[in-house]
*Asks:* 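Dumping the structure here so I can ask a few things about it.
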Amino acid sequence: MSFRAPKGTDDVLPPASRSWRRVLRAWDDWAERFGYELILNPVFEATEVFARGVGEDTEIVQKQMYTFRDKGGRSLTLRPEGTASVVRAYLQAGVTGALKVSYSGPMFRYEQPQAGRRRQFYQVGVEYVGVAAAAADAEVIEVGYRFLVDLRMPNLEVQVNSIGDPVCRPAYLELLRDYLDQQRDRLCEESLRRLESNPLRVLDCRVCAPRLEGAPSPVDFLCEPCAVHYEEVKERLEALDVPYRETPRLVRGLDYYTRTAFEYVATSLETAQNAVGGGGRYDGLAEVLGGPPVPGVGLAMGIDRIVLALGETAQPPALDLYVVVAAPELQAAAAGLVSELRRAGLRVDAEPEGRSVRAQFRAADRRGAAGVAVVGEEWQDGKVTVRDLQSGAQEIIAVEEVAAWARS
Ligand code: HAM
């Protein structure tokens with residue numbers, strides 16, 4: 001067979017997928033603990049949802065969308081991110097007031113693929129829609145932080161900034177444009193173009209940003225309400241015991257942000273791909289999508305990058321127990337034991353048909369079992385031999401004790 005997965009996409013097979021399962025479970029757990037319920041959105045939307053929502057002048061919309069016409073002639077786009085869909089769904093369903101939701105799934109961006117930068121990648125995220133208070137910003141930042149700490153993400157830094165709102169941003173952008181205009185000879189072609197249409201994004205250009213040390217930062221030009229909001233977000237983060245670094249040059253690649261912008265950076269990864277997550281407030285997004293003004297704040301985490309940053313080489317056990325059958329006539333009895341242990345909540349597996357005991361032990365190892373129970377000649381006395389695959393310790397115990405043994 002000569003087919004391969006498309007460029008920039010991945011198959012994640014066991015044992016590598018064990019890390020993924022652990023990370024996705026931890027995410028579900030933290031989102032639920034913080035009161036975020038599940039939302040499911042389509043994987044494609046009318047192209048306009050992203051063109052308007054994410055912003056016509058963003059790199060995502062201009063260069064990275066998987067856009068196609070369906071057989072009915074509609075222009076559809078595979079979602080490059082989740083926030084626009086969530087707000088579209090909020091408006092469509094006529095929700096009023098607060099909605100706290102969590103999502104998880106593949107996103108699509110036509111990127112130049114490299115490690116941690118994929119064309120199909122996996123995000124988890126939360127959106128806290130309908131609440132303008134700074135407490136919501138801090139809570140969203142916290143849920144992401146707790147999740148990453150729980151995963152023991154090494155060299156983690158939470159970077160926060162405020163990029164103002166439509167009241168204070170225009171005056172700042174004018175100043176920034178003036179500054180950038182004087183630095184034209186230091187700007188790349190892309191930034192020269194952005195200078196007119198979206199100067200804030202120039203600060204995010206990997207080539208130009210390091211040369212623009214003297215550029216004004218949005219946080220120094222906030223209007224009073226934005227400044228108060230930012231102070232409150234920081235106070236809340238301190239009260240929640242979330243360490244953060246103020247990062248005045250932090251801007252984001254999507255146009256819907258107002259006020260708070262933040263990123264989770266794993267400083268051990270390559271700088272171009274070291275943002276394992278990010279988010280911010282988007283108080284103008286609902287209106288851009290044709291709805292009434294509805295505030296909101298959210299985050300998304302990049303699971304491909306998180307798994308990369310965790311760099312787990314030793315995978316956790318995938319099974320608590322592997323049941324090895326020593327004689328063909330004990331096959332059915334062993335299957336009964338497997339079923340009973342599974343119903344008791346343990347992760348248990350066995351061979352579907354008889355093979356040598358050696359082959360079964362090899363399978364137990366390959367499948368990542370923590371222990372093995374051998375159904376053999378002791379079975380007639382109601383006993384099995386159990387072996388801890390890590391220490392090699394072996395003993396004969398009563399069948400009724402197997403579940404407790406496997407748990408310990
Ligand atoms: P974003 O910063 O574009 O924000 O993406 C969030 C995270 O997704 C990034 O920090 C990164 O870890 C991961 N990511 C993005 N592109 C790729 C890629 N090509 N390959 C691998 N990982 C990638 C958003 O998407 C916003 N919707 C976040 C948000 C939610 N803002 C408010 N609510």
Side-chain angles (χ1 to χ4, degrees), residues 7-10 12 20 23 27 31 36 39 41 45 49-50 53-55 58-61 63-66 78-88 90 99-129 131 136-137 139-141 143-144 147-148 153 156-161 163 201 204 250-266 269-286 295-310:
K7 186 173 175 187
T9 71
D10 302 292
V12 187
W20 280 72
V23 169
W27 171 257
Y36 292 88
I39 188 167
N41 295 116
E45 294 271 358
V49 170
F50 302 118
V54 173
T58 58
E59 200 166 354
I60 294 179
V61 172
K63 297 187 187 158
Q64 300 183 334
M65 296 212 297
Y66 280 91
L78 296 183
R79 62 180 181 192
E81 62 105 44
T83 311
S85 297
V86 170
V87 173
R88 197 264 311 132
Y90 178 98
L99 179 72
K100 293 177 69 169
V101 286
S102 141
Y103 52 89
S104 153
M107 307 287 162
F108 307 87
R109 296 183 193 175
Y110 191 80
E111 304 248 20
Q112 209 37 57
Q114 45 193 296
R117 189 170 292 277
R118 315 301 296 152
R119 290 184 174 170
Q120 175 173 330
F121 57 101
Y122 203 100
Q123 276 189 352
V124 299
V126 293
E127 306 297 342
Y128 196 158
V129 187
V131 175
D137 308 40
E139 184 194 279
V140 165
I141 295 172
V143 69
F147 159 69
L148 293 173
M153 171 66 64
L156 173 64
E157 188 171 274
V158 183
Q159 302 183 345
V160 299
N161 194 21
I163 58 167
R201 300 278 302 125
D204 199 28
L250 174 67
V251 292
R252 305 259 306 130
L254 304 93
D255 274 355
Y256 49 61
Y257 291 113
T258 52
R259 296 189 166 173
T260 313
F262 57 90
E263 278 183 351
Y264 304 89
V265 174
L269 291 180
E270 292 271 325
T271 37
Q273 283 89 244
N274 69 1
V276 293
R281 180 161 279 287
Y282 46 83
D283 292 345
L285 178 55
V297 57
L299 72 78
M301 295 281 178
I303 302 303
D304 306 70
R305 286 187 194 178
I306 287 174
V307 169
L308 205 62
L310 291 175

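Residues take their numbers from the sequence shown, with the count starting at 1. Every number for a ligand or one of its atoms is a count from 1 in the order of the listing.
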*Asks:* Can you name the nearest heavy-atom pair linking Gly144 to Tyr264, along with the distance?
*Replies:*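 So the minimum-distance heavy-atom pair works out to CA-OH, 3.6 Å.
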
*Asks:* Could you tell me whether Val276 and ligand 1 have an N or O pair separated by under 3.5 Å?
*Replies:* yes

*Asks:* Could you check whether any side-chain heavy atom of Val276 comes within less than 4.5 Å of a side-chain heavy atom of Leu148, counting everything from C-beta outward?
*Replies:*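 Yes; the side chains approach each other to less than 4.5 Å.
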
*Asks:* For atom 23 (C) of ligand 1, which candidate among Phe121, Tyr110, Tyr103 holds the nearest heavy atom?
*Replies:*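 Among Phe121, Tyr110, Tyr103, the closest heavy atom to atom 23 (C) of ligand 1 belongs to Phe121.
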
*Asks:* Might you confirm whether atom OH of Tyr66 has over 12 heavy atoms from other residues, nucleotides or ligands at distances under 6.0 Å?
*Replies:*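 Result for OH/Tyr66: enclosed.
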
*Asks:* Could you tell me whether the side chain of Arg117 and the main chain of Ala272 form a donor-acceptor pair under 3.5 Å?
*Replies:*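 The answer is yes, because a donor-acceptor pair under 3.5 Å joins these two groups.
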
*Asks:* Crowded around Glu270 CD? As in, over 12 foreign heavy atoms under 6.0 Å?
*Replies:*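 Open.
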
*Asks:* So, 4.0 Å and heavy atoms of Gly125: is ligand 1 close enough to count as a contact?
*Replies:* no

*Asks:* Test the Arg109-Phe121 pair against the cation-pi criterion, namely NZ or CZ under 6.0 angstrom from the six-membered ring centroid and within 45° of the ring axis.
*Replies:* no

*Asks:* Taking Lys7 first and then Glu111, would you say they form a salt bridge - that is, a charged N and a carboxylate O separated by under 4.0 Å?
*Replies:* no

*Asks:* Under 3.5 Å, is there a donor-acceptor pair linking the side chains of Gln159 and Glu157?
*Replies:*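 A pair is found: one side chain offers a donor N or O, the other an acceptor, under 3.5 Å apart.
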
*Asks:* At less than 4.0 angstrom from any non-hydrogen atom of Tyr282, what atoms of ligand 1 do you find?
*Replies:*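 Near Tyr282, meaning under 4.0 Å from one of its heavy atoms, ligand 1 has 32 (C), 33 (N).
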
*Asks:* Answer yes or no for Tyr257: is there a heavy-atom contact with ligand 1 below 4.0 Å?
*Replies:* yes

*Asks:* Take Glu127 and Tyr282 through the side-chain hydrogen bond (donor to acceptor under 3.5 Å, both in side chains) test and state the conclusion after the steps.
*Replies:* CA-CA 10 Å; Glu127 306 297 342; Tyr282 46 83; 2.7 Å; yes

*Asks:* Could you list which atoms of ligand 1 come closer than 4.0 Å to a heavy atom of Gly298?
*Replies:*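 Reading through ligand 1 atom by atom, the close ones are 30 (C), 31 (N), 32 (C), 33 (N).
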
*Asks:* Report, in ascending order of atom number, the atoms of ligand 1 lying under 4.0 Å from any heavy atom of Gly277.
*Replies:* 10 (O), 12 (O)

*Asks:* Give me the nearest non-hydrogen protein atom to atom 13 (C) of ligand 1 as residue plus atom name, then the distance to 0.1 Å.
*Replies:*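 Sorting protein heavy atoms by distance from atom 13 (C) of ligand 1 puts Gly302 CA, 3.6 Å first.
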
*Asks:* Say whether Glu263 and ligand 1 are in contact under the criterion: heavy-atom distance to a ligand atom below 4.0 Å.
*Replies:*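 Not so, Glu263 does not reach ligand 1.
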
*Asks:* Where the closest heavy atom to atom 16 (N) of ligand 1 is concerned, which of Gln123, Gln112, Arg109 has it?
*Replies:* Arg109

*Asks:* For ligand 1, which atoms, with element, lie under 4.0 Å from some heavy atom of Arg118?
*Replies:* 18 (C), 19 (N), 20 (N), 21 (C)

*Asks:* Touching ligand 1 at all, Leu254? Heavy atoms, strictly under 4.0 Å?
*Replies:*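 Within the 4.0 Å threshold, so yes.
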
*Asks:* Compare every heavy atom of Thr58 with every heavy atom of Leu254, then report the nearest pair and how far apart it is.
*Replies:* CA-CG2, 4.1 Å

*Asks:* Please determine whether side chain to side chain contact (heavy atoms under 4.5 Å, CB included) holds for the pair Lys100 and Val126, giving the CA-CA distance in whole Å, both sets of side-chain angles, and the decisive distance to 0.1 Å.
*Replies:* CA-CA 7 Å; Lys100 293 177 69 169; Val126 293; over 6 Å; no

*Asks:* Of the backbone atoms (N, CA, C, O) and the side-chain heavy atoms from C-beta on, which set of Met107 has a member under 4.0 Å from an atom of ligand 1: side chain, backbone, both, or neither?
*Replies:*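 Neither; nothing of Met107 gets under 4.0 Å from ligand 1.
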
*Asks:* Using side-chain heavy atoms (C-beta onward) and a distance below 4.5 Å, is Arg252 in contact with Arg201?
*Replies:*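 Arg252 does not reach Arg201 side chain to side chain.
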
*Asks:* Once you restrict to heavy atoms under 4.0 Å, what part of Tyr256 touches ligand 1? Side chain, backbone, both or neither.
*Replies:*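 The answer is the side chain of Tyr256.
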
*Asks:* Answer yes if the side chains of Tyr122 and Ser104 hold a donor-acceptor pair under 3.5 Å, and no otherwise.
*Replies:*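 Indeed, the side chains of Tyr122 and Ser104 share at least one donor-acceptor pair under 3.5 Å.
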
*Asks:* Should Tyr264 be listed as contacting ligand 1, given a heavy-atom distance under 4.0 Å as the test?
*Replies:* no

*Asks:* Who's the nearest protein heavy-atom neighbour of atom 1 (P) of ligand 1, and how far?
*Replies:* Arg252 NH2, 3.6 Å

*Asks:* Are Asp304 and Arg118 ion-paired here, with the side-chain N under 4.0 Å from a carboxylate O?
*Replies:*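 No, no charged N to carboxylate O under 4.0 Å.
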
*Asks:* Show the atoms of ligand 1 that are less than 4.0 angstrom away from any heavy atom in Glu127.
*Replies:* 30 (C), 32 (C), 33 (N)

*Asks:* With a 4.0 Å cut-off on heavy atoms, does Gly116 reach ligand 1?
*Replies:*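 Judged by the 4.0 Å heavy-atom criterion, Gly116 does count as contacting ligand 1.
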
*Asks:* Check ligand 1 against Glu81 and write out every atom of the ligand that is under 4.0 Å from a heavy-atom position of the residue.
*Replies:*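 Answer for ligand 1: 25 (O), 26 (C), 27 (N).
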
*Asks:* At less than 4.0 angstrom from any non-hydrogen atom of Ala275, what atoms of ligand 1 do you find?
*Replies:*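 Ligand 1 atoms under the 4.0 Å threshold to Ala275: 9 (C), 10 (O), 11 (C), 12 (O).
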
*Asks:* Mind checking whether Asp304 contacts ligand 1 via backbone (N, CA, C, O), side chain (CB onward), both or neither, at a 4.0 Å heavy-atom cut-off?
*Replies:* neither

*Asks:* Taking distance alone, with N or O pairs closer than 3.5 Å, would you say Gly279 contacts ligand 1?
*Replies:*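 No; every N/O pair is 3.5 Å or more apart.
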
*Asks:* Within a distance under 4.0 Å of any heavy atom of Arg117, pick out the atoms of ligand 1 and give their elements.
*Replies:*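 Numbered from 1, ligand 1 contributes 20 (N).
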
